2 protein chains.
Amino acid sequence: MEPDILELESFLPYRLYRLADTVSREFSRIYKERHGLTRPEWRTLSGLGERGTMTATELGEQSAMHKTKVSRAVAELERRRWLTRKPDENDRRVEHLALTKTGLAAYREMVPLAKAFERELLGKLSVEERVAIARGVAALEGTLERK
Amino acid sequence: MEPDILELESFLPYRLYRLADTVSREFSRIYKERHGLTRPEWRTLSGLGERGTMTATELGEQSAMHKTKVSRAVAELERRRWLTRKPDENDRRVEHLALTKTGLAAYREMVPLAKAFERELLGKLSVEERVAIARGVAALEGTLERK
DNA sequence: CCAAACTGGTTTCATTTGTAACCATTGAAA
DNA sequence: TTTCAATGGTTACAAATGAAACCAGTTTGG
């Protein structure tokens with residue numbers, strides 16, 4: 001093995017990125033084809049569906065998005081009347097976001113599709129492989145968040 | 001556990017993407033700060049450094065990039081005089097790309113930095129965790145490529 | 001042969017993204 | 001209080017991206 005050569009094929013950052021990109025691209029077909037959502041929009045929908053009510057900042061933290069992405073996604077979902085904003089009582093900078101009936105319906109429709117996608121993906125692995133990916137990803141997440 | 005709720009925090013596509021995004025973003029600082037390269041440019045440099053000579057199509061396959069990304073990255077590296085194109089003898093559509101001395105020097109400078117980055121990342125994991133991530137990623141790669 | 005389909009690579013255009021500046025409001029300090 | 005730093009969120013602008021059209025040049029089938 002040449003020391004001054006980098007094997008892209010086995011370089012972890014590259015492999016991780018390519019893997020995530022492929023998986024995410026395939027999954028995105030689901031919400032893109034069904035509702036024409038972008039990834040930030042899907043994450044916003046998903047975050048609010050899961051938690052009920054959140055501020056834009058919280059959304060950004062929960063779903064690892066830059067605040068401009070959140071802002072744009074929220075604006076678009078609002079335009080579709082999938083969510084509403086309610087000003088905070090005490091702090092007039094803050095808005096509490098929540099899904100409307102329509103937004104919730106879309107969310108409820110997406111959840112089983114998302115779960116099925118994940119199930120199918122993991123279904124191709126052996127039990128040990130599933131354990132391995134879960135453990136490995138968790139470990140890396142752990143090292144990254146504390147910094 | 002509510003069946004009609006999706007926990008983003010434990011949803012594999014999301015976790016993978018976030019992880020890869022974080023790692024890749026951090027790694028990108030290295031080639032961005034040092035040479036002002038974009039990711040496609042870095043991958044092009046890295047691919048040619050590793051293999052010596054490649055066509056644009058091969059580059060795209062090796063580094064999982066859309067052909068327009070390759071085209072643009074190659075154009076930029078050529079502008080910097082980091083690579084040259086040599087027309088194919090038999091097929092005049094094809095160009096063989098190779099790094100110049102300058103390009104190779106940049107590559108040689110980057111390789112140890114890339115390796116150090118990976119080493120440091122993996123260094124925070126236990127041996128079992130390293131095995132787990134390697135195995136898990138390989139398994140998922142396997143399921144995705146055969147389709 | 002020769003048209004039609006295909007392939008390597010580039011370009012155009014619309015969309016998405018990131019950075020930085022920005023506005024309004026709030027909290028803390030003097 | 002007044003001022004100044006910090007915070008929630010939006011906007012403007014430049015750069016990166018993807019889809020589709022495109023321009024050679026090449027292969028294939030009739």
Side-chain angles (χ1 to χ4, degrees), chain A residues 17-18 20-22 24-29 31-33 35-44 47-48 53-79 83-98, chain B residues 17-18 20-22 24-29 31-33 35-45 47-48 53-80 83-98:
Chain A
Y17 193 91
R18 186 185 52 182
D21 195 56
T22 308
S24 172
R25 227 189 248 316
E26 255 176 65
F27 178 57
S28 79
R29 288 222 300 266
Y31 52 75
K32 198 165 287 175
E33 282 173 10
H35 290 295
L37 294 174
T38 64
R39 185 166 44 225
E41 284 154 20
W42 150 251
R43 282 196 192 166
T44 299
L48 291 178
T53 287
M54 277 197 280
T55 69
T57 301
E58 287 167 349
L59 254 173
E61 282 161 8
Q62 195 228 1
S63 55
M65 294 190 290
H66 187 82
K67 57 201 234 169
T68 62
K69 276 191 190 171
V70 175
S71 175
R72 286 157 183 157
V74 167
E76 169 60 20
L77 295 190
E78 183 186 32
R79 198 192 60 70
L83 66 74
T84 52
R85 313 176 189 236
K86 203 173 63 184
D88 184 275
E89 305 271 282
N90 308 317
D91 188 337
R92 298 206 321 252
R93 293 168 303 183
V94 177
E95 294 174 325
H96 299 279
L97 309 166
Chain B
Y17 192 91
R18 185 185 52 183
D21 194 57
T22 307
S24 173
R25 227 189 248 315
E26 257 177 63
F27 178 58
S28 79
R29 288 223 300 266
Y31 52 74
K32 198 164 288 175
E33 281 173 10
H35 289 297
L37 295 174
T38 63
R39 184 166 46 222
E41 284 155 20
W42 150 251
R43 283 196 191 165
T44 299
L45 179 70
L48 291 177
T53 286
M54 277 197 280
T55 68
T57 301
E58 287 166 350
L59 254 174
E61 282 161 8
Q62 195 228 3
S63 54
M65 292 191 290
H66 187 81
K67 59 201 240 175
T68 61
K69 275 191 190 172
V70 175
S71 174
R72 287 158 182 155
V74 166
E76 168 61 20
L77 294 190
E78 184 186 33
R79 199 192 59 71
R80 292 182 183 218
L83 66 74
T84 53
R85 314 175 188 237
K86 203 172 64 185
D88 184 275
E89 306 271 281
N90 308 318
D91 188 337
R92 298 203 324 250
R93 293 168 304 181
V94 178
E95 295 174 324
H96 299 278
L97 309 166

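Just so you know, these numbers use all the heavy atoms, side chains as well, and skip hydrogens, waters and symmetry mates. The structure displayed is predicted, hence computed values, not measured ones. In what follows, chains are A, B, ... by sequence order, proteins preceding strands, each numbered from 1.
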**Student:** Could you check which of D:dA12, C:dT10, C:dC13 has an atom nearest any side-chain atom of B:Ser71?
**Tutor:**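 Of all the options, the side chain of B:Ser71 is nearest to C:dT10.
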**Student:** I would like to know whether B:Arg72 and B:Glu76 meet salt bridge (Lys or Arg N to Asp or Glu O under 4.0 Å); could you show each step before the answer?
**Tutor:** CA-CA 6 Å; B:Arg72 287 158 182 155; B:Glu76 168 61 20; over 6 Å; no
**Student:** Report the distance from atom CG of A:Leu97 to atom C1' of D:dT10, rounded to the nearest whole Å.
**Tutor:**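 Between C1' of D:dT10 and CG of A:Leu97: 14 Å.
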**Student:** Which nucleotide wins on minimum distance to the side chain of A:Ala56, given the candidates D:dA16, D:dG9, D:dT26?
**Tutor:**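 Looking only at side-chain atoms, A:Ala56 lies closest to D:dG9.
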**Student:** Looking at D:dG18, I'd like to know if its phosphate oxygens (OP1 or OP2) sit under 4.0 Å from a side-chain N or O belonging to B:Lys69.
**Tutor:**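 Result: yes.
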**Student:** For the pair made of CZ in A:Arg93 and P in D:dT10, what is the distance, rounded to whole Å?
**Tutor:**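 Roughly 13 Å, once rounded to whole Å.
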**Student:** Rounded to whole Å, how long is the line connecting atom CH2 of B:Trp42 with atom C1' of D:dA16?
**Tutor:**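 So the two atoms are 19 Å apart, to the nearest Å.
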**Student:** Looking at A:Arg85, I'd like to know whether one of its side-chain N or O atoms comes within less than 4.0 Å of OP1 or OP2 on D:dT10.
**Tutor:**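 True: A:Arg85 side-chain N/O within range (under 4.0 Å) of D:dT10 OP1/OP2.
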**Student:** How many whole angstroms separate atom CD of B:Glu76 from atom P of C:dT10?
**Tutor:**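 That distance rounds to 14 Å.
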**Student:** Under 4.0 Å between a side-chain N/O of A:Thr57 and OP1 or OP2 of D:dG9, yes or no?
**Tutor:**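 It does, given that an N or O in the side chain of A:Thr57 lies less than 4.0 Å from OP1 or OP2 of D:dG9.
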**Student:** Could you state the atom-to-atom distance from CD of B:Glu95 to P of D:dG25 in whole Å?
**Tutor:**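 Rounding to the nearest Å, CD of B:Glu95 and P of D:dG25 are 12 Å apart.
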**Student:** Taking atom P of D:dA24 as reference, at what distance in whole Å does atom CG of B:Asp88 sit?
**Tutor:**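 Going from B:Asp88 (CG) to D:dA24 (P), I get 19 Å.
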**Student:** Students often mix this up, so state it plainly: with edges at 30° and 60°, are the rings of B:Trp42 and B:Tyr31 parallel, tilted or perpendicular?
**Tutor:**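 Ring orientation, 0 to 90° scale: parallel.
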**Student:** Classify the nucleic acid contact of B:Thr55 as base, sugar-phosphate or nothing, counting any heavy atom under 4.0 Å across all strands shown.
**Tutor:**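 If one applies the 4.0 Å heavy-atom cut-off, B:Thr55 turns out to touch the sugar-phosphate alone, with no base involved.
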**Student:** In whole Å, I'd like the distance from the CZ atom of A:Arg72 to the P atom of C:dT19.
**Tutor:**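 A:Arg72 atom CZ is separated from C:dT19 atom P by 12 Å.
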**Student:** Return the value, rounded to whole Å, for the distance between atom CG of A:Asn90 and atom P of C:dT26.
**Tutor:**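 After rounding, the reported distance stands at 9 Å.
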**Student:** Does the structure place the NZ or CZ of B:Arg25 under 6.0 Å from the centre of the six-membered ring of A:Tyr17, at an angle of no more than 45° from the ring's axis?
**Tutor:**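 No, B:Arg25 does not sit over the ring of A:Tyr17.
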**Student:** What's the closest nucleotide to the side chain of A:Lys67 if the choices are D:dG9, D:dA19, C:dT16?
**Tutor:**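 Nearest to the side-chain atoms of A:Lys67, counting from C-beta on, is D:dG9.
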**Student:** Taking for each residue the nucleotide of DNA chain C bearing the nearest heavy atom, is the 5' side occupied by A:His66 or by A:Arg92?
**Tutor:**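 Checking each residue's closest nucleotide, the 5'-ward one belongs to A:His66.
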**Student:** Could you tell me whether a side-chain N or O of B:Arg85 sits under 3.5 Å from a main-chain N or O of B:Glu95, the two making a donor and an acceptor?
**Tutor:**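 Answer holds: no.
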**Student:** Is a side-chain N or O of B:Gln62 found less than 3.5 angstrom from the main chain of B:Leu59, in a donor-acceptor match?
**Tutor:**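 No, the answer is negative, given that no donor and acceptor are paired below the 3.5 Å cut-off.
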